[in-house]
Amino acid sequence: MKWWQILLFGLVMAMAPHVSHAASLPAKDVQDINQLGEARGHPPKSIERLLEHAKQAKDQGLPERPILNKIKEGLAKGASPERIQPVVRDMVGNLRDAREVLRDTTSGGSGKEGGRNSRATEVMAEALGRGVTVDEVRSLGRSRGKSRVNQEELAFGAKGLALTKEGGVSGKEAIPVVGEALRQGFRSNELLELGREIKKRGNEFRTDRNRIQDIKKSVERGERPDKIFDRDRRSGSGRSGGGRESRAEDRESSKKVDRDRSRRDDRSGKGGDRDRIESRDRIDRVRESGGNFDSQRDRGGRGDDSSGRGRGGGGD
Amino acid sequence: MFWKKSLSSMTFPVLGGLTYFLLSACASSPLGPVAPHQIEGGVEFSLVLPNVQSVAVVGDFNDWSHTAHLLAPEDGDLWSGVVPLSAGEHVFMFVVNGEQWVVPPEAEDYVEDGFGQKNGVVVVR
């Protein structure tokens with residue numbers, strides 16, 4: 001080997017870590033994260049260490065998107081790389097456990113596109129990160145007996161279970177309810193809705209242990225969350241736990257009326273209009289002119305894609 | 001209204017996130033804070049906060065950028081704006097004056113962010 005070949009080999013090896021990041025992670029995300037880190041005055045090495053977690057995830061065939069997003073969130077919120085490090089490390093661990101438990105416990109994929117398995121892994125990892133244990137997931141997976149659940153069903157069931165537990169219901173009490181929902185063929189958004197509604201009414205379930213049994217019976221009858229909790233709302237139950245949301249709903253109608261009445265032609269002058277997202281007035285103007293709301297946006301379209309940027313959205 | 005004037009005359013660093021939260025929840029708007037909700041064209045976010053220069057909604061839908069979606073001043077102390085969001089769950093917070101992160105006073109759900117705060121959750125159905 002000639003001297004210049006050795007020198008060239010050395011140069012390539014020295015650049016390897018940088019090249020490997022750029023090669024395996026989405027360039028835009030890496031660039032955004034580096035810029036965020038630089039703006040916050042963090043040493044490039046510390047940012048590189050964070051990106052290494054995302055790269056590890058990708059190399060293991062795990063979705064790297066939630067890791068990159070969490071790094072951006074942490075940096076944007078002013079968290080130091082040292083603070084972000086354990087958060088993303090745990091996320092990679094949860095993604096790994098999620099994939100494992102999904103493989104062990106389910107009949108396989110959802111029978112749809114492969115990308116859905118990645119979504120199932122992300123949703124399951126979130127459930128594990130929110131306090132659901134692998135044993136609880138395995139119990140949930142057995143809820144249909146011999147007919148095993150698929151990955152997506154189990155992942156959303158686990159997230160529904162996480163929400164239910166956050167409402168103060170024990171795993172032991174919650175698993176039969178979510179398991180029954182899986183048996184009844186609840187869709188992903190219904191599994192999440194069930195958990196969210198129980199969480200909102202946490203106080204009721206903590207003070208009345210029979211309440212969760214009532215919900216289970218309703219689910220056994222094939223009732224869906226909208227029916228179960230709509231009946232609750234009408235009977236006045238569910239108020240104590242869901243106060244904030246309910247208040248918001250109550251205020252909404254009066255808010256709309258009030259805004260229509262008090263809408264002004266001129267603006268208060270606080271801040272400029274140029275960079276502001278559309279207020280209700282502007283939406284009305286666009287609507288009246290028959291224009292396309294989205295086409296007038298500069299950056300708003302980011303959230304409008306269907307690439308699944310939402311978190312475990314129940315978008316059946 | 002004395003309490004409100006007194007509070008709003010303080011500087012933001014002194015107020016801190018918690019006070020923002022309380023102010024948002026208790027400010028003297030006749031309607032109070034409202035959870036993000038779907039309307040035609042997207043999800044409407046709003047926050048009631050007196051004496052601030054800018055309010056942005058930030059979340060996983062805009063890469064946590066505090067310049068991507070600024071809310072517009074409405075009547076009184078109300079700031080609001082509409083963001084087109086895809087179906088599913090999205091986490092968000094508000095950023096006031098470009099630097100102060102505020103936990104949403106109203107949201108469909110809340111989730112720990114891992115950094116000692118809570119993100120609001122908005123569900124697009």
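Heavy-atom basis, side chains included; hydrogens, waters and symmetry copies ignored. Residue numbering restarts at 1 for every chain, and letters A, B, ... go by the order of the sequence lines.
Taking each heavy atom of A/A79 and B/F115 in turn, the nearest pair found is CB-CD2, 3.9 Å. Residues A/K70 and B/D113 approach most closely at NZ-O, 3.0 Å, considering heavy atoms.
The shortest side-chain heavy-atom distance between A/K77 and B/M93 falls under the 4.5 Å cut-off. The shortest distance between side-chain heavy atoms of B/W64 and A/N69 falls below 4.5 Å.
Salt-bridge annotation for B/R125 and A/D226: absent, with no side-chain N of the basic residue lying under 4.0 Å from a carboxylate O of the acidic one. At a threshold of 4.0 Å, the pair B/E108-A/K199 does not count as salt-bridged, since none of the basic side-chain nitrogens sits closer than that to a carboxylate oxygen.
Of the inter-residue distances, the one linking B/D109 atom CG with A/R196 atom CZ reads 6.5 Å to the nearest 0.5 angstrom.
Of the two parts of A/I84, the backbone and the side chain both hold a non-hydrogen atom closer than 4.5 Å to a non-hydrogen atom of chain B. Heavy-atom distances place the side chain of B/N119, and not its backbone, under 4.5 Å from chain A.
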For this session: Kindly determine whether B/V58 and A/E73 satisfy side chain to side chain contact (heavy atoms under 4.5 Å, CB included), including the steps that lead there.
Result: CA-CA 9 Å; B/V58 293; A/E73 179 185 352; over 6 Å; no

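Contact count versus chain B (heavy atoms, under 4.5 Å) is highest, among A/L75, A/L68, A/V87, for A/V87.
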